[in-house]
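Data block below; observations after.
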Amino acid sequence: MAESAIATDSDLVGALRALSNPMRLQLLMWLRDPTRNFDLTGAIADPHDVGVCVSHIQAKVGLAQSTVSAYMAELQRAGLVRATRVGKWTHYKRDEARIAGLVAELGKAL
């Protein structure tokens, strides 16, 4: 099985749990097309290569930075996004291979 594929039932459950929160699901959907969905004025990294800075995500959703960070950490634990540090800022990008593996595994399971 590929490294990024869903390996166990608990992986599938963890990913579904992360997606069960409407805001986390929305964040993952927005990250699919970051230049369309976020105001990236002042971005210090390419959103398609590195990801979207948590400050840009926070500005979009209007929630506290700690709340946004908690949402993104849950998506990261589920393997749906990858985090990259650029200086003191954390950037998040979808893990497309992991998401494709989740969709395939879900299709088999259901």
Side-chain angles (χ1 to χ4, degrees):
M1 187 174 284
E3 179 180 308
S4 60
I6 303 295
T8 65
D9 288 342
S10 65
D11 290 339
L12 182 60
V13 170
L16 292 173
R17 186 179 310 117
L19 295 174
S20 69
N21 176 284
M23 180 53 70
R24 287 192 299 259
L25 178 60
Q26 183 65 62
L27 290 168
L28 192 64
M29 291 167 51
W30 283 333
L31 286 171
R32 176 180 250 171
D33 188 355
T35 54
R36 179 176 170 215
N37 294 307
F38 295 95
D39 177 4
L40 298 171
T41 304
I44 60 173
D46 184 299
H48 295 285
D49 290 336
V50 178
V52 177
C53 180
V54 72
S55 64
H56 289 105
I57 297 170
Q58 179 191 5
K60 170 108 177 158
V61 298
L63 298 172
Q65 186 272 334
S66 59
T67 302
V68 173
S69 291
Y71 284 157
M72 298 311 296
E74 181 67 23
L75 290 171
Q76 184 180 9
R77 279 190 297 276
L80 300 170
V81 298
R82 286 180 272 150
T84 303
R85 295 283 295 183
V86 178
K88 65 179 183 171
W89 304 106
T90 302
H91 292 68
Y92 291 96
K93 177 181 178 178
R94 289 168 49 111
D95 186 334
E96 296 297 343
R98 174 76 170 178
I99 292 168
L102 169 65
V103 170
E105 191 64 29
L106 187 59
K108 288 180 205 173
L110 297 178

Quiz prompt | Sidechain-backbone polar pair: Lys93 side chain, His48 backbone, donor-acceptor under 3.5 Å | solution = yes
Quiz prompt | Heavy-atom closest pair, residues Leu40 and Pro34 | solution = CD1-O, 3.8 Å
Quiz item: Does atom CZ of Arg36 have more than 12 heavy-atom neighbours, drawn from other residues, nucleotides or ligands, at distances under 6.0 Å?
Solution: no
Self-check item: Nearest-0.5 Å distance, CG of residue Leu28 to OH of residue Tyr92
Solution: 13.0 Å
Quiz item: Do you know the tightest heavy-atom contact between Gln76 and Ala83?
Solution: NE2-CB, 3.5 Å
Self-check item: Side chain proximity check, Asp11 to Arg98, heavy atoms < 4.5 angstrom
Solution: yes
Exercise. Nearest 0.5 Å please: distance from the CD atom of Gln65 over to the OG1 atom of Thr90.
Key: 8.5 Å
Quiz prompt | For the student: nearest non-hydrogen atoms of His91 and Ala45, plus distance | solution = NE2-CB, 3.9 Å
Self-check item: Considering all heavy atoms, the nearest Ala15-Leu80 contact
Solution: O-CD1, 4.1 Å
Self-check item: From Leu19 atom CG to Leu27 atom CG, the distance as rounded to the nearest 0.5 Å
Solution: 11.0 Å
Quiz item: Any donor and acceptor pair, going by atom type alone, linking the side chain of Ser69 with main-chain N or O of Ser66 inside 3.5 Å?
Solution: no
Practice problem: Quick one: pull up CD in Glu74 and CZ in Arg17 and give me the separation to the nearest 0.5 Å. | Solution: 7.0 Å
Self-check item: Nearest-0.5 Å distance that lies between atom CG in Leu75 and atom CG in Asp95
Solution: 11.5 Å
Practice problem: Please check if atom CH2 in Trp30 has more than 12 non-hydrogen atoms from other residues, nucleotides or ligands closer than 6.0 Å. | Solution: yes
Quiz item: For His56 and Thr41, which heavy atoms make the closest approach, and how far apart are they?
Solution: NE2-O, 3.1 Å
Quiz item: Quick one: are Tyr71 and Val61 in side-chain contact, heavy atoms under 4.5 Å?
Solution: no
Quiz item: Between Val68 and Phe38, is there a shared hydrophobic cluster once you connect ILVMFWY residues whose side-chain heavy atoms come closer than 4.5 Å?
Solution: yes
Quiz prompt | Donor-acceptor contact present, side-chain Arg94 to main-chain Leu31, <3.5 Å | solution = no
Quiz item: Mind checking whether Val54 and Ile44 sit in one hydrophobic cluster, side chains of I, L, V, M, F, W, Y counted as touching below 4.5 Å?
Solution: no
Practice problem: Determine whether Met72 and Leu25 fall in the same hydrophobic cluster, where Ile, Leu, Val, Met, Phe, Trp and Tyr are linked whenever their side-chain heavy atoms lie under 4.5 Å apart. | Solution: yes
